[in-house]
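Report on the structure given below.
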4 protein chains.
Amino acid sequence: MTRKPDLPQLLLDTALTLFAERTYEGTQMPAVAQRAQVGVGSIYRYFPSKEALGNAAFQYAKRTLLDDLTAALADGGPVSTSREEFALLWRGFTRYAGRHHAAFVFLEHQQHDTFLAPESQALAAEVDLFAADFIERGQRSGEIRAGDPQLLVALAFGAFAGLVKHLRPGGIAELPTEALTQTEEAVWALLHREATR
Amino acid sequence: MTRKPDLPQLLLDTALTLFAERTYEGTQMPAVAQRAQVGVGSIYRYFPSKEALGNAAFQYAKRTLLDDLTAALADGGPVSTSREEFALLWRGFTRYAGRHHAAFVFLEHQQHDTFLAPESQALAAEVDLFAADFIERGQRSGEIRAGDPQLLVALAFGAFAGLVKHLRPGGIAELPTEALTQTEEAVWALLHREATR
Amino acid sequence: MTRKPDLPQLLLDTALTLFAERTYEGTQMPAVAQRAQVGVGSIYRYFPSKEALGNAAFQYAKRTLLDDLTAALADGGPVSTSREEFALLWRGFTRYAGRHHAAFVFLEHQQHDTFLAPESQALAAEVDLFAADFIERGQRSGEIRAGDPQLLVALAFGAFAGLVKHLRPGGIAELPTEALTQTEEAVWALLHREATR
Amino acid sequence: MTRKPDLPQLLLDTALTLFAERTYEGTQMPAVAQRAQVGVGSIYRYFPSKEALGNAAFQYAKRTLLDDLTAALADGGPVSTSREEFALLWRGFTRYAGRHHAAFVFLEHQQHDTFLAPESQALAAEVDLFAADFIERGQRSGEIRAGDPQLLVALAFGAFAGLVKHLRPGGIAELPTEALTQTEEAVWALLHREATR
DNA sequence: CATGAATGAGAGTTCATTCAT
DNA sequence: AATGAATGAACTCTCATTCAT
């Protein structure tokens, strides 16, 4: 009975959706199975435990985000300013939040410490470093304001998360292009070096 | 046997701490009891259910935040610009995040829908309206950039939340004053009307 | 604060009422206290445990029944036939069921074994013996049909219990006199020696 | 892991046994599970709650009784007198009380109001109506004494219940045939129209 | 391979009982 | 003597995990 072409992936997606909706701890394995139209036992063929499923989902979400951001930079061709690079990253973010809404929401849940394995945490750090690198380069070129790069990442990322949370449940797709552009500029202002007031 | 001077309050604080640490769903009633040095049954004398405790904690957190923000404005004396008002609000926020760290972290958890009663949601909306009002006035005076006020609130609030999350577990108290000022300016830039780029 | 003239008795009555309404096991000590307008602790001043209260209530109910039956016989003056004696007993029963409705209902609950002390069981047996004695005398005089006296008691008592149960919640007081007389005759027919058919 | 051929039925039987022994409220779910040699969780696969189990058991008991009575009448062939019909009903009762002793005892517990759903109560009424119909026909033919049919049912049913209660724990099986016949006649006398005294 | 009935540790909740006031 | 807040064992119910089919 080979019904599912890629069961592990289906399970990951389903889990992500439910985790986003009701939290990791608030999601039951039978619920995942039911939503995926699969028997409970089948989950355990691919993931040894709920914790493993949670970590796999988390890692999948983070990795996909990293891929989308990297791809956004690569596809955008060479850029000469941080503002231009930011535009590409912004596109990467919005694309990711649009296409993997549940994944993004899940990543933004503040509390993963209960089940996150060191490996997952390392991956999370990788994304942060990727963003911090962008900040640092911008600071060196004078385009981005001074300060702890990680802190600036946290601010910008937090603002973007606030945006997505605010738009829920429709997701970022619902926002008109104009408003999205305005928002992009606001977040860039957060990073941009400029005498304010 | 009235040992605890104010058990309901103690329970609220304890619950908030644990909710911040491990999520509402990840927190067990016995754990709350143990942390509060109380028997499990005692919780149920004051809160009819875990859900009730969760809502009470949420409302307490939101109300306290609203109070701190209101107080910050009132104590700051009359202000003539949005920037000045923002400074007062910023102080209100940092004070709140410093003193009620767990409460702030809990409020920033993205997923409360599983247990939040309408009453709690109404209170949450109240805080949003309070902030939106500040934005609208700033927009009318030309100091704050155009756009949906609620969305701008979401951005600024999200940035601040990102900051607090980043600083965990030490909390905002650990941040040097200078860095805090820089951060304040960055978030203001997010809101401030000014041609960027 | 001497508010209650006879607290133990009040508690017994209250307990009996609740036991009748919701079973011994279904009745909580706080519920008894509340109904009696007393603090929980006060019950424990007079009854060391719920079990003790249950037994005391049971014994009180049985003893009262025995008293009422005995009194009915004594007050009725000397009787010469079993039928006459039965009439007196019937009056005793109806009076008891009318005045101590809760007590009667409680006694008729089939399952007391979970909490009944040997002492209480002995008292129950005493009532049975009292009734069996009446049967035996009637059998010797030829007025009451042959058979195990205890079994006949069970039948007659069961019929009466069925009556009271049927009349609930109004109790036996609601039954018109005529119907009550008919019922008395039916139960007597159950005992009376006569070739049926 | 389908070990039990018919787990729901097994659980119903087990529950009935324990309810008869120690009351609905006095019976704990783990006790049911243990007696049925099953894990606690398994009960909840078939009955959503203790209350549901209680109602299912009650309904099963009542329905079985109704079936046995109906069958007794059907199997007995056509009858011409109420006395003959009563004999068949009596056989139905004794058979039921013999084979489903626990069920019968449970049904005779006076207090089911705490957990009985309207549906269960309706079923109970159905049995009463069945019996009342027999009474009414007998009254019309002049064989059964005058009076409220339901009340007469209550009397006769109560007497039979008293019998079963008296015979516990051996049950009706222990009673010698002769005594059983005598009892049948006594209960018939309760119903039969005849000048008593 | 996939399934879902079965399990039992553990979560939420109740309640008999105690004891400081 | 009376009270009722406090307690925790025990109860009802849930759910991650297993395994016979």
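Protein chains get the first letters and strands the later ones, always in sequence-line order, with residue 1 at the start of each. Everything quoted here is computed from the prediction, not taken from an experiment.
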- Task: Send over the distance from C/Asp6 CG to F/dA1 P, rounded to a whole Å.
- Result: 14 Å

- Under the 3.5 Å Watson-Crick or G-U criterion, the dot-bracket string of DNA chain E, with | for inter-strand pairs: .||||||||||||||||||||

- Message: One pair to check against side-chain contact (heavy atoms from CB on, under 4.5 Å): D/Asp13 and D/Tyr60. What are the steps and the verdict?
- Response: CA-CA 9 Å; D/Asp13 290 337; D/Tyr60 169 64; 3.7 Å; yes

- Query: OP1 or OP2 of E/dA5 less than 4.0 angstrom from a side-chain nitrogen or oxygen of D/Arg45, does that happen here?
  - Reply: yes

- Looking just at side-chain N and O atoms, do A/Ser120 and A/Gln59 make a donor-acceptor pair shorter than 3.5 Å? yes

- Note on the structure: Atom CD of D/Gln37 and atom P of E/dA6 are separated, to the nearest Å, by 14 Å

- Other residues, nucleotides, ligands: >12 heavy atoms within 6.0 Å of C/Glu119 CD: no

- Item | Rounded interatomic separation in angstrom, taking CG from C/Leu7 and C1' from F/dA1 | 10 Å

- Task: Quickly work out the B/Phe115 CZ to E/dG12 P distance and round it to whole Å.
- Result: 13 Å

- Note on the structure: Closest non-hydrogen atoms of A/Ala56 and A/Phe47, given as atom of the first, atom of the second and distance, are CB-CE2, 3.7 Å

- Task: Taking the six-membered ring for Trp and the full ring for Phe, Tyr or His, determine whether the centres of A/Phe106 and A/His112 are under 6.0 Å apart.
- Result: yes

- Query: Taking protein heavy atoms under 4.0 Å as touching, what does nucleotides 8-15 of chain F look like 5' to 3' if B marks base contact, S marks sugar-phosphate-only contact and - marks none?
  - Reply: B--SBBBS

- Task: May I have the distance from A/Gln34 (atom CD) to F/dA16 (atom C1'), rounded to whole angstrom?
- Result: 16 Å

- Atom CG of A/Leu53 and atom P of F/dT17: how far apart are they, to the nearest Å? 10 Å

- Salt-bridged, B/Glu21 to B/Arg35, with N to O below 4.0 Å? yes

- Query: Does any non-hydrogen side-chain atom of D/Asp67 lie less than 4.5 Å from one of D/Thr64?
  - Reply: no

- For C/Tyr46 and F/dA1, is the shortest distance between a side-chain N/O and OP1 or OP2 below 4.0 Å? no

- Between P of E/dA11 and CD1 of B/Ile43, the distance in whole Å: 13 Å

- Task: Calculate the interatomic distance between C/Leu11 atom CG and F/dA2 atom C1'; express it in whole Å.
- Result: 12 Å

- Could you tell me how the ring of B/Phe115 sits relative to the ring of B/Tyr24: parallel (under 30°), tilted (30 to 60°) or perpendicular (over 60°)? parallel

- Query: Should C/Thr17 and C/His101 be marked as a side-chain contact (heavy atoms from CB on, under 4.5 Å) after you check the CA-CA gap, both sets of side-chain angles, and the distance that decides it?
  - Reply: CA-CA 8 Å; C/Thr17 307; C/His101 186 240; over 6 Å; no

